[in-house]
Amino acid sequence: MSPLTPPSPDPSITTTRRVPDKVSLDGLEDRWGTAWSEQGTYTFDAQAPAEQVYAIDTPPPTVSGSLHLGHVFSYTHTDVVARFRRMRGAEVFYPMGWDDNGLPTERRVQNYYGVRCDPSLTYTPGFVPPHEGTDGKAVKPGDQVPISRPNFIELCLRLSGEDEAQFEALWRHLGLSVDWSRTYRTISDEARAVAQQAFVRNLARGEAYQALAPGLWDVTFQTAVAQAELEARDYPGAYHRVAFHGADGPVFIETTRPELLPACVALIAHPDDERYQHLFGTTVTSPLFDVAVPVLAHPAAEPDKGAGIAMCCTFGDLTDVQWWRELQLPNRTVVGRDGRLERSTPDWLTTPGAQAVYAELAGKTTFSAREAVVAALRTSGDLDGEPTPTTRKANFYEKGDKPLEIVSSRQWYIRNGGRDGALRDALLARGEQIAFHPDYMKVRYDNWVGGLNGDWLISRQRFFGVPFPVWYPLDENGEPRYDAPLVADESILPVDPSSDVPVGYTAEQRGVPGGFIGDPDVMDTWATSSLTPQIAGGWRTDPELFAKVFPMDLRPQGHDIIRTWLFSTVVRSHLEFGQVPWSDAALSGWILDPDRKKMSKSKGNVVTPMGLLTEHGSDAVRYWAASARLGTDAAFEVGQMKIGRRLAIKVLNASKFALSFAADDEPVSLDPAAVVVPLDRAMLAGLADVVDKATEALEAYDHTRALEVTETFFWTFCDDYLELVKDRAYAADADPAGAASARAALAIALDVLLRLFAPVLPFATEEVWSWWRTGSVHRAGWPTSAPLRAAAGDAPFAVVGAAGSALAALRKVKSEAKVSMRTVILSATLQVPEALEQTVGLALADVRAAGRLQGDLAVQVAEVDVPVAVDAVLEQASA
RNA sequence: GGGCGAUUGGCUCAGUGGUAGAGCGCCUCGUUCACACCGAGGAGGUCACUGGUUCGAACCCAGUAUCGCCCACCA
């Protein structure tokens with residue numbers, strides 16, 4: 001991004017005003033939304049040189065219902081940045097994407113239409129879903145009609161398309177300065193092609209691989225789940241003290257999962273644990289099932305947990321997986337992919353008693369099986385005491401509601417440093433190259449990368465997603481040759497291996513021995529969204545564009561998805577391009593409800609974003625959002641929106657006033673040479689400081705600071721400066737130079753203030769701009785301080801403060817006397833601190849006029865060091 | 001258990017070494033000559049706590065407490 005030639009107010013620009021008699025915020029969203037769209041105000045110019053481009057990797061919102069307040073909040077932050085950069089002269093690449101390819105979309109379609117996907121069915125042309133709309137509640141799974149995968153995908157596309165149209169309408173109403181001609185869907189052919197191409201290239205370089213291994217599995221969704229999608233939740237359970245049978249008597253273990261007893265492969269204690277030294281190397285038999293298992297030592301066993309000796313099952317938790325792997329234990333899986341115990345009796349249960357007990361468990365859920373095992377243990381006398389209730393932490397899929405099981409399955413992985421120190425270090429180093437805003441968010445990246453315990457699992461056993469562009473040859477027995485995958489060539493992507501045929505085969509060979517089958521899985525949603533820069537930037541289709549926008553400048557996102565979206569994007573970029581995907585990452589906080597809890601969906605639905613925008617106005621809601629700093633969670637506060645609305649209205653009214661002093665057909669002068677009165681020049685000096693501070697803050701992604709300094713100045717401008725100069729500005733006949741000075745200063749200040757407010761209040765500022773300027777304020781340049789300083793000369797801003805204080809003192813006299821502010825003061829003496837004597841003197845005429853002072857105004861240096869005070873004689877007091 | 005934030009008037013928050021700030025709310029008053037979706041004035045805080053550094057601490061250091069979040073934690 002290059003520094004731009006800033007616009008200096010051109011003294012020759014004078015325009016005739018068209019100020020409406022009555023100003024209002026109502027309807028500005030529609031009016032200007034339409035105008036911006038028609039005029040292409042935010043269209044990205046692909047011809048712009050690369051150094052001028054500022055590219056934003058916009059988060060594609062998940063299409064699974066409606067946008068909520070948190071979206072409005074964080075997307076406003078991004079839009080403020082986009083508008084600022086655009087005004088600074090950057091050509092802003094600001095696309096919008098829709099993430100519509102994942103599990104949330106599937107679930108919404110199931111609930112909305114009352115269907116479920118059954119891949120074994122064939123396509124039904126013209127299928128009409130049995131149900132439409134949720135009526136606030138979901139169709140129960142039992143009532144869902146099974147339909148084919150193509151039918152299901154058709155419905156996914158239809159519903160997400162409808163949702164996306166609504167999303168876009170909301171974003172336009174909010175005033176996001178997105179280039180709407182650059183919209184993408186993660187389920188589009190192009191996005192699928194990018195995802196498949198990136199995968200194919202990962203595979204060719206050995207960065208993607210397939211493995212058959214135990215992994216976390218959600219029994220509800222029946223899919224594998226990645227580490228990044230885990231959520232630890234409290235889960236009620238109970239310790240069961242269970243006796244294993246050793247040569248020298250019982251060995252007690254404690255377990256919260258007695259139903260896994262038939263899957264036990266060993267008992268394990270810490271090598272240094274004195275209590276179990278004599279048992280290491282011996283064999284014990286399990287209760288109920290009479291399976292002989294070894295007692296082994298492993299340092300991962302914790303002596304103070306439970307009985308200090310653990311029952312290792314395949315697989316109860318990730319520690320079991322570690323033991324199984326490191327101690328080379330057998331695999332005795334009993335829990336299936338549906339979360340139920342295997343129907344057939346496992347072959348390692350050889351005694352009639354064991355088989356009889358298992359027969360009671362077969363096909364049961366883990367929950368029911370647990371009850372059955374506990375009952376059997378009680379009967380056999382192997383349960384010592386009663387179960388002790390406890391709360392334990394269990395891993396859940398973040399979107400699921402049952403604890404994850406661990407099952408063995410064949411899955412695709414991408415290397416992410418979880419098993420490779422060199423890669424991990426390289427990715428940590430990439431983190432150093434990204435400027436996080438706020439910077440302390442970077443530790444979350446470091447924590448996550450440092451704590452990875454495996455590669456990135458990218459395959460999901462779902463339907464609506466990007467399929468893996470891979471087929472497997474079938475051997476003579478019809479078994480897939482997973483070691484010899486047939487990978488689609490980049491040139492033919494996207495492909496769907498369930499309908500497309502690999503090179504060298506015919507469709508008839510699908511599923512027959514000696515033929516082929518397609519990989520049935522789809523990619524995890526993050527595997528696609530980790531490629532948003534590639535998708536939005538035209539990596540495959542428009543290399544020229546891609547070279548201009550990549551690496552991008554900004555990744556805006558929530559701090560809750562640093563470990564997923566941010567990290568996975570860095571991984572893909574590092575592997576494919578050997579660089580970071582963007583220079584800056586802006587992390588927005590969450591919206592909390594007034595109870596300081598994270599806004600829940602149910603509460604969020606009570607106040608819909610569109611309802612808020614309609615009620616308070618988009619500028620008002622944007623003001624609320626822009627008042628919260630990056631990284632900080634903010635309260636949902638209607639009060640803040642009302643303040644924003646008041647500010648927007650004030651901008652309209654103050655602008656109308658500032659433009660009102662000349663006759664209607666008289667042009668407005670922006671000539672700095674006309675500004676000769678010290679008070680006017682002092683005001684511009686103050687404004688110059690504001691411009692510098694606001695610019696510096698926005699450059700540093702601190703939009704709240706920029707807004708604050710601008711707003712503070714603006715209220716002083718309205719309350720003090722405008723009041724002080726209005727009589728002089730009107731009095732063109734009595735004091736032509738003084739009036740011209742005030743009018744030019746007002747116009748120059750207004751011009752600058754509108755630009756400063758434009759990123760936060762795009763509608764009100766554009767409205768005012770249209771009254772007296774040409775073009776859009778959003779394509780006008782960002783103001784710079786140099787011309788203001790030149791116009792201000794050596795006048796100190798303190799003059800405005802001193803005159804303002806003097807005016808406030810006069811007002812206070814009237815306020816305390818409980819009379820109108822228009823009451824005439826017959827004479828007054830100002831008591832001012834010595835330091836202000838000179839500066840107040842420079843604006844005395846304006847102070848007199850604004851204070852309605854008709855007689856003498858004396859200035860004395862106060863004896864005590866106090867703010868400005870006044871002794872005054874009021875008209876009424878003398879009457 | 002490790003880490004990161006936060007703690008300032010009733011509320012929401014600014015304020016990184018020099019006599020406590022804003023807005024909202026509250027109180028008093030005013031106003032239709034830009035603005036009632038208004039204006040002016042006012043009251044209100046020992047800056048979570050304890051030590052320390054310093055001429056001087058809301059701010060720097062050490063510790064404590066409470067709250068929130070991130071990571072780890074399934075025997």
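Below, chains carry the letters A, B, ... as their sequence lines are ordered, and counting in each starts from 1.
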Practice problem: Report yes if a donor N or O on one partner sits less than 3.5 Å from an acceptor N or O on the other, where the partners are the side chain of A:R646 and the base of B:C37; otherwise report no. | Solution: no
Practice problem: Select one nucleotide: of B:G39, B:G41, B:G23, the one nearest the side-chain heavy atoms of A:W715. | Solution: B:G39
Exercise. Send over the distance from A:E637 CD to B:C24 P, rounded to a whole Å.
Key: 12 Å
Exercise. Determine the contact category for A:A300: base if any of its heavy atoms lies under 4.0 Å from a base atom, sugar-phosphate if only primed atoms, P, OP1 or OP2 are that close, otherwise nothing.
Key: base
Quiz item: Between A:Q322 and A:H298, is any pair of side-chain heavy atoms under 4.5 Å apart?
Solution: yes
Self-check item: Nucleotide forming a Watson-Crick or wobble pair with B:U7, both distances under 3.5 Å
Solution: B:A65
Quiz prompt | Aromatic contact, A:Y235 with A:F396 (centres under 6.0 Å) | solution = yes
Self-check item: C1' gap between B:A34 and B:C38, integer Å
Solution: 11 Å
Quiz item: For atom C1', what is the distance between B:A6 and B:G15, given to the nearest Å?
Solution: 15 Å
Practice problem: Describe, in one word, how the ring planes of A:W624 and A:F73 are oriented to each other, choosing from parallel (under 30°), tilted (30 to 60°) and perpendicular (over 60°). | Solution: tilted
Self-check item: Distance below 4.0 Å between A:K812 side-chain N/O and B:G42 OP1 or OP2
Solution: yes
Quiz item: Along nucleotides 69-74 of chain B, 5' to 3', which nucleotides get a B, which get an S, and which get a -, given that the test is a protein heavy-atom distance under 4.0 Å?
Solution: SSSSBB
Quiz item: Taking the six-membered ring for Trp, is the centroid-to-centroid distance between A:Y397 and A:W217 below 6.0 Å?
Solution: no
Quiz item: Closer to the 5' end of RNA chain B via nearest nucleotide, is it A:T632 or A:S24?
Solution: A:T632
Exercise. State the pairing partner of B:C38; accept Watson-Crick or G-U wobble contacts with both distances under 3.5 Å, and report none otherwise.
Key: B:G30
Exercise. Pick the P atom in B:U28 and in B:G51, then give their distance to the nearest Å.
Key: 42 Å
Quiz item: Which value, in whole Å, describes the distance between the C1' atoms of nucleotides B:G23 and B:U19?
Solution: 24 Å
Self-check item: Electrostatic pair A:R325:A:D320 at N-O distance under 4.0 angstrom
Solution: no
Self-check item: Nucleotide paired to B:G56 in any strand shown, Watson-Crick or G-U, under 3.5 Å
Solution: none
Quiz item: Which class fits the ring pair A:Y730 and A:F661: parallel under 30°, tilted 30 to 60°, perpendicular over 60°?
Solution: perpendicular
Quiz prompt | A:D846/A:R728 ion pair, N-O < 4.0 Å | solution = yes
Quiz item: What is the distance, rounded to the nearest whole Å, between atom CZ of A:R705 and atom P of B:U16?
Solution: 8 Å
Quiz item: Does A:R811 make a side-chain N or O approach to OP1 or OP2 of B:U28 shorter than 4.0 Å?
Solution: no
Quiz item: Taking for each residue the nucleotide of RNA chain B with the nearest heavy atom, is it A:I268 or A:L25 whose nucleotide lies nearer the 5' end?
Solution: A:L25
Practice problem: Please state the C1' separation for the pair B:G44 and B:C26 - nearest whole angstrom. | Solution: 9 Å
Exercise. Using the test side-chain hydrogen bond (donor to acceptor under 3.5 Å, both in side chains), find all partners of A:R444 that sit at least two apart in sequence or belong to another chain.
Key: A:H559
Quiz item: In Watson-Crick or G-U wobble terms, both distances under 3.5 Å, what is the partner of B:A14?
Solution: none
